Trainee: 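Have a look at the structure that comes next, please.
Naming: A, B, ... by sequence-line order, numbering from 1 per chain. Bear in mind that the values here come from a model prediction, so they are computed numbers and not experimental data.
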There are 2 protein chains.
Amino acid sequence: MSKAANTRNMILTKSFELIYKQGYQATSIDNILETTKVTKGAFFYHFKNKDEMGLAMINEIIYPGMYASLVKPLLDAKDPINDIHEMMRVVLLKVPFLRAKYGCPAVNLIEEMSPLNEDFKKGLLKLTNHWQDAIKENINQGKALKQIRQDVNPEYVACFVVAGYSGIRNMGKAMGSSCYNIFLQEFKNYLKQLA
Amino acid sequence: MSKAANTRNMILTKSFELIYKQGYQATSIDNILETTKVTKGAFFYHFKNKDEMGLAMINEIIYPGMYASLVKPLLDAKDPINDIHEMMRVVLLKVPFLRAKYGCPAVNLIEEMSPLNEDFKKGLLKLTNHWQDAIKENINQGKALKQIRQDVNPEYVACFVVAGYSGIRNMGKAMGSSCYNIFLQEFKNYLKQLA
DNA sequence: CATTTTAAATACTGATTGGTATGTAACACA
DNA sequence: TGTGTTACATACCAATCAGTATTTAAAATG
């Protein structure tokens, strides 16, 4: 990687960490410069303003991360009830970077930025839509395998699953990670009923 | 109400509306003064700083509002599956002040402030705890009435329901209110399985 | 009526915000 | 080796931030 590309990447990854913990608006450019040791000139050379950096962060950091942990485990369905529960369990309990106190980076940004900025909303919508599509497709494959009842609506299930995830990430911020285990237990009951 | 109490109340209710739409940190005191026509002297006479006002807003505006729309409908259970679904339906579709784009004031504040301020976290935790207790108690009454299976764990259900609500409020910010109807459909399937 | 307390108005402060203007090394390419 | 482009570095700017200091009007109380 070239030195310039390295600088740009440093800005994006460190901004991601700061914004995850502090929120987008509460993370100032000066704060980013301080922790990256990059100068303001370099920052505004690579991004024309703060929002463009935020968008790049969504597309280049958050999207690939969510694809790896949320979408990939659902491709090639073996047993949707297990596939989906396991995906949820892993992302809630086995990703060390994600702390209950700080929630989920994507959920946080949807919450903070969707009502304020149309570009952010569109970028974040792509994330959730792709995740919902993956759940939907997994359920459809499960129906073909007769593991899921034929009257189950995959789109509805996808919406409900994503809502559950977003919600427990929100609750975890106030209650801590103990609620994750409770959620996973009851989530299993919900999923079982799809068979 | 005295003139002073009126001023204080005006600050709280207008701050609530602004913070609901803009977020707590993004709503400046000057912004509040501008829309209330209250002066800075009056503001800092009634509240020693911004955070104290925010806490008062949670306790005096948000808490009573959530009690009326989320807790009260669950007291005196008739049929938990219907009680809980109806509570959810009404709060999602029938409270005109709440717009999908802006989500739920309490969920927003939990998301934004829980990791940053311990006092906010405690105040907001009281809200969700009281709501969860109401759901739990409703389910318990339903078990006594043999409308809910005896092996259902009311605490788990309460956690799952609150997570679903928080999550769909988050999704609605990006997707609009159409996802509310989908969620309510699938939520009914979840609840039915408790019988 | 006199005095004290409550409630509010005005003007200010230092710190921080996103962003700009300008300058300058390092490097690619002719 | 000269020239233009890339990739920064530094200093600055107007606007906005939460909060303070000081003054003043209104209301309660003796």
Trainee: What is the per-nucleotide protein-contact pattern of nucleotides 18-24 of chain C, from the 5' end, where B denotes a base atom under 4.0 Å from a protein heavy atom, S denotes such proximity for sugar-phosphate atoms only, and - denotes neither?
Mentor: BBB----

Trainee: Strictly below 4.0 Å: does A/Thr7 bring a side-chain N or O up to OP1 or OP2 of D/dA7?
Mentor: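 No, no such contact exists.
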
Trainee: Among all residues two or more places apart in sequence or in another chain, which pass the ring-ring contact (aromatic ring centres under 6.0 Å, His included) test with A/Phe183?
Mentor: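 A/Phe183 satisfies ring-ring contact (aromatic ring centres under 6.0 Å, His included) with A/Phe187, B/Phe160 once adjacent residues are dropped.
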
Trainee: Does B/His46 place a side-chain N or O at less than 4.0 Å from the phosphate oxygens OP1/OP2 of C/dA8?
Mentor: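 Result: yes.
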
Trainee: What is the distance, to the nearest angstrom, from the CD atom on B/Glu52 to the P atom on D/dG19?
Mentor: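 The answer, rounded to whole Å, is 11 Å.
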
Trainee: What is the distance, rounded to the nearest whole Å, between atom CD of B/Glu34 and atom C1' of D/dC17?
Mentor: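 Taking atom C1' of D/dC17 as the reference, CD of B/Glu34 is at 14 Å.
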
Trainee: Expressed as a whole number of angstroms, how long is the span from A/Phe47:CZ to D/dC8:P?
Mentor: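 One finds 11 Å between P of D/dC8 and CZ of A/Phe47, rounded.
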
Trainee: With a 4.0 Å limit, can you tell me whether A/Tyr45 has a side-chain N or O closer than that to the phosphate oxygens OP1/OP2 of D/dA7?
Mentor: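 Checking D/dA7 against A/Tyr45, a side-chain N or O does come within under 4.0 Å of OP1 or OP2.
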
Trainee: Taking atom types as modelled, is there a side-chain donor on A/Glu186 or A/Asn189 under 3.5 Å from an acceptor on the other?
Mentor: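 Their side chains do contain a donor-acceptor pair, which is all the 3.5 Å distance test asks for.
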
Trainee: Within this structure, what is the CZ-to-P distance between A/Phe43 and D/dC12, rounded to whole angstrom?
Mentor: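 Result: 22 Å.
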
Trainee: Any carboxylate oxygen within less than 4.0 angstrom of a Lys/Arg side-chain nitrogen, looking at B/Lys14 and B/Glu34?
Mentor: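 A salt bridge is absent here (no side-chain N lies under 4.0 Å from a carboxylate O).
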
Trainee: Separation of B/Leu33 atom CG from D/dT16 atom P, in whole Å?
Mentor: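 That distance rounds to 14 Å.
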
Trainee: May I have the distance from A/Ile32 (atom CD1) to C/dT17 (atom P), rounded to whole angstrom?
Mentor: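 It works out to 10 Å between those atoms.
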
Trainee: Should the pair B/Phe43 and B/Phe47 be assigned to parallel (<30°), tilted (30 to 60°) or perpendicular (>60°) ring geometry?
Mentor: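 Rings of B/Phe43 and B/Phe47: tilted, as their planes differ by 30° to 60°.
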
Trainee: From C-beta outward on A/Thr39, which listed nucleotide comes closest to its side chain: D/dC8, C/dA7, C/dT10?
Mentor: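 Ranking D/dC8, C/dA7, C/dT10 by closest atom to the A/Thr39 side chain puts D/dC8 first.
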
Trainee: Evaluate whether atom NZ of A/Lys21 has more than 12 neighbouring non-hydrogen atoms of other residues, nucleotides or ligands under 6.0 angstrom away.
Mentor: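 No, not enclosed.
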
Trainee: Give the intermediate values and the outcome of side chain to side chain donor-acceptor pair (under 3.5 Å) for residues A/Asn170 and B/Tyr165.
Mentor: CA-CA 10 Å; A/Asn170 181 272; B/Tyr165 171 76; over 6 Å; no

